[in-house]
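Before any comments, here is the structure.
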2 protein chains.
Amino acid sequence: MGKLTIKDIAREAGVSITTVSRVLNKKEEGMSQETREKVLRVMEELNYQPNKLARGLVTKRSNMLGLIVPNISNPFFPELCRGAEDEANKRQYSLIICNSDDQTQKEENYLRLLKEQQVDGILLSSKDRLSKTSKNQLQSGKIPYVLFDRGEEGNNYSGVFLDNEKGGYLAGKHLTDLGHTKIACMTGPQDIRNSQQRLLGFQQALMENSVNLLGSFILDGDFQMDTAYRVAKDFLQNNNVTAIFACNDLMACGIYRAAHEIGIQIPEQLSIIGFDDIPLVTALIPKLTTIRQGTYEMGRKAIELLINKIENNSSEEVVFEPTLIVRESTEQIRRD
Amino acid sequence: MGKLTIKDIAREAGVSITTVSRVLNKKEEGMSQETREKVLRVMEELNYQPNKLARGLVTKRSNMLGLIVPNISNPFFPELCRGAEDEANKRQYSLIICNSDDQTQKEENYLRLLKEQQVDGILLSSKDRLSKTSKNQLQSGKIPYVLFDRGEEGNNYSGVFLDNEKGGYLAGKHLTDLGHTKIACMTGPQDIRNSQQRLLGFQQALMENSVNLLGSFILDGDFQMDTAYRVAKDFLQNNNVTAIFACNDLMACGIYRAAHEIGIQIPEQLSIIGFDDIPLVTALIPKLTTIRQGTYEMGRKAIELLINKIENNSSEEVVFEPTLIVRESTEQIRRD
DNA sequence: ATGAAAGCGCTAACAA
DNA sequence: TTGTTAGCGCTTTCAT
């Protein structure tokens with residue numbers, strides 16, 4: 001039992017608890033060197049660790065932040081978590097990471113939980129738009145929050161986003177630069193704006209280079225590997241293209257398999273470009289050319305915005321620029 | 001600011017705070033249906049959310065658990081997190097996930113932090129053995145903890161482990177069953193017990209089948225893909241084996257690449273078996289045969305042990321059995 | 001069946 | 001330079 005409290009330290013050091021509290025909070029202006037050191041020494045000796053809960057109760061600051069991710073198993077998100085965590089720690093906050101499993105229900109639960117746990121702010125990432133309950137949770141009680149990768153109406157919220165259209169554009173430009181003209185694109189779920197925008201930018205780039213993207217060459221994916229595999233297998237058996245843009249890397253993996261089974265060589269007969277640059281893509285053979293989102297950096301930035309919001313009540317939207325990472329899965333069209 | 005407190009509810013419902021507290025905690029034996037409902041209604045109307053920090057201060061229970069993983073970017077750990085999180089939530093705890101990045105320093109920091117945050121218990125996973133400071137943190141203050149995948153002296157601690165030797169054995173048996181005799185094994189870092197035990201079990205299986213594992217066919221890896229690639233490339237160019245056991249899946253990926261560049265076909269000329277069964281291995285072509293650890297389940301179980309420890313002070317060690325998952329990267333030796 | 005009051009470990013006026 | 005005291009939001013005896 002008997003956990004050490006500020007009282008024990010005070011008694012042991014022969015001072016008042018206020019004094020102890022002062023050195024704890026480094027509010028030591030005009031405090032004798034001697035007392036300070038004595039207190040510090042006693043703390044050290046007894047291995048005292050302050051109770052942050054009690055502290056939070058009076059300061060109204062828990063120094064905890066909540067992070068809700070839609071799916072920790074998607075390799076995209078651990079990077080986000082790391083960035084977020086590193087920044088949070090640097091700023092003396094700790095992070096409660098929650099996994100909503102893409103379920104609105106769970107998201108809402110976590111939102112409530114985090115508020116009950118008195119987090120100082122919430123970083124919310126999920127692919128769907130905010131449910132009514134979620135929005136409510138966020139707004140009632142005015143808890144500071146920042147949105148990751150998805151927007152919202154209104155204008156006093158913070159968010160970090162990727163310029164998905166630009167990303168799609170880079171992919172399209174890369175492919176046309178290589179001389180491809182028979183090109184397909186596999187999209188994510190219909191209702192995800194990200195995916196729509198990637199397609200949009202992609203089409204834009206093709207258009208600028210007078211390449212036509214046939215409607216039947218727009219393949220419906222769902223960001224999952226297995227679906228991508230099935231769709232691609234069917235498509236590639238019946239159509240003749242020299243390049244495919246997959247709206248995320250996981251789907252690119254599925255396309256690899258489909259191509260392999262049909263006997264299509266990558267990149268000799270088919271160039272593939274992905275999107276995300278998740279770590280596993282360098283394990284593919286050939287290594288995947290893709291569009292990188294600076295996920296780690298985005299996580300950092302998001303927490304930075306969140307803390308700014310908490311500490312200065314400032315709101316900001318920041319948009320990240322994607323970059324093209326050329327590896328081995330795309331090459332110049334062969335004219336033979 | 002005016003966040004709603006139990007007082008507001010009491011006033012609004014015309015009862016004492018004790019009564020409100022009672023319905024909050026469902027200690028309603030001998031309480032009039034009427035009052036109960038009134039309180040509930042007011043809570044609902046005002047959208048009251050109790051402050052868990054304040055609660056924790058008096059009950060000495062934060063209902064928070066800490067989970068320290070060595071590297072969230074290693075696809076092995078998100079699964080662990082999910083299992084842990086699901087079980088924790090089911091039991092009304094929330095989880096603070098921390099990433100120690102394989103740095104003892106960070107691990108020690110987190111340990112301190114978690115204790116200050118008054119978590120009720122800690123699940124600690126990391127590949128090294130406990131540092132002195134870590135051990136101290138864990139033991140002083142008697143915070144309940146369970147160790148994931150690594151042991152310790154003493155006997156009143158809980159832990160969940162994999163039978164790594166059995167895993168290695170399964171791998172070895174699979175390969176010899178397929179008729180392989182010229183076999184190599186790529187290990188993890190020298191000082192990791194896991195890796196040593198896998199090798200041990202592997203050798204055991206070979207021995208039982210009168211297959212000899214040459215010392216020079218034991219390759220030093222470090223659980224990383226890149227190193228595995230380099231080591232394997234050098235090895236495969238100069239030696240003739242028909243099968244390799246990689247002590248984790250990430251290294252198997254590196255070996256794939258090496259084999260590919262040398263022009264060795266998998267599995268026709270070389271069978272490969274991995275260890276872990278991380279999600280990405282089904283993206284490999286051919287799909288990797290491997291030894292599965294039930295990571296998700298291990299995470300669940302670990303939290304279960306932790307909560308048992310917290311609530312009943314019971315200690316237990318549980319050992320998981322690995323299973324062989326046969327996919328496409330291993331096949332019967334060809335006698336030609 | 002309900003309430004008053006003490007106290008959890010800490011911070012922050014205010015006093016001295 | 002240091003201490004006294006009230007109070008954060010809640011639970012928990014102990015009364016009533």
Side-chain angles (χ1 to χ4, degrees), chain A residues 1-40 42-43 46-64 92 115-120 141 143, chain B residues 1-40 42-43 46-64 92 115-120 141 143:
Chain A
M1 282 291 2
K3 262 210 183 165
L4 247 36
T5 78
I6 204 174
K7 266 188 194 161
D8 301 310
I9 305 300
R11 182 167 22 74
E12 214 61 28
V15 299
S16 76
I17 60 168
T18 312
T19 304
V20 178
S21 172
R22 280 196 185 106
V23 353
L24 224 42
N25 295 286
K26 306 202 191 306
K27 297 192 173 166
E28 305 161 304
E29 8 168 295
M31 169 181 262
S32 87
Q33 187 68 2
E34 201 185 357
T35 343
R36 209 183 69 94
E37 277 171 3
K38 188 167 42 174
V39 172
L40 247 20
V42 175
M43 283 180 174
L46 271 47
N47 187 25
Y48 167 70
Q49 310 197 297
N51 182 331
K52 295 235 171 137
L53 261 48
R55 180 176 214 268
L57 190 55
V58 13
T59 60
K60 313 272 188 218
R61 279 289 175 77
S62 64
N63 274 31
M64 297 193 298
Q92 315 277 25
K115 286 178 71 182
E116 291 184 355
Q117 216 77 254
Q118 310 301 119
V119 295
D120 295 331
I143 183 153
Chain B
M1 282 304 6
K3 261 208 182 166
L4 247 35
T5 77
I6 203 174
K7 266 187 195 163
D8 301 310
I9 306 300
R11 183 168 19 75
E12 214 61 30
V15 298
S16 75
I17 60 168
T18 312
T19 305
V20 179
S21 172
R22 281 196 184 105
V23 353
L24 224 43
N25 295 286
K26 307 200 190 308
K27 297 194 172 163
E28 306 161 303
E29 10 170 292
M31 168 182 265
S32 88
Q33 186 68 1
E34 201 185 356
T35 345
R36 208 183 71 92
E37 276 171 4
K38 187 166 41 172
V39 173
L40 247 20
V42 175
M43 283 181 174
L46 271 45
N47 188 24
Y48 166 71
Q49 310 198 297
N51 182 332
K52 294 236 171 133
L53 259 48
R55 180 175 214 269
L57 190 54
V58 12
T59 59
K60 313 270 187 219
R61 279 288 175 79
S62 64
N63 275 37
M64 296 195 297
Q92 316 276 24
K115 285 177 73 182
E116 291 185 355
Q117 216 78 254
Q118 309 301 119
V119 295
D120 295 332
I143 184 152

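Throughout, protein chains are lettered first and strands after them, A, B, ... in sequence-line order, and every chain is numbered starting at 1.
Each of A:Gln117, A:Glu116, A:Gln118 was checked for a side chain to side chain donor-acceptor pair (under 3.5 Å) with B:Lys52, and the lone residue meeting it is A:Glu116.
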- B:Val23/B:Met43 under side chain to side chain contact (heavy atoms under 4.5 Å, CB included): CA gap, chis, key distance, verdict: CA-CA 10 Å; B:Val23 353; B:Met43 283 181 174; 4.1 Å; yes
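Between A:Asp120 and A:Lys60, the shortest heavy-atom contact is OD1-O, 4.1 Å. Across all their heavy atoms, B:Ile6 and B:Ile17 have their closest contact at CD1-O, 3.8 Å. Heavy-atom minimum distance, A:Asp8 versus A:Lys3: OD2-O, 3.8 Å.
To the nearest angstrom, C1' of C:dT2 lies 17 Å from CD of B:Glu37.
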- Message: One character per nucleotide, please: for nucleotides 8-16 of chain D, 5' to 3', B when the base has a protein heavy atom closer than 4.0 Å, S when only the sugar-phosphate does, - otherwise.
- Response: BBBBB----
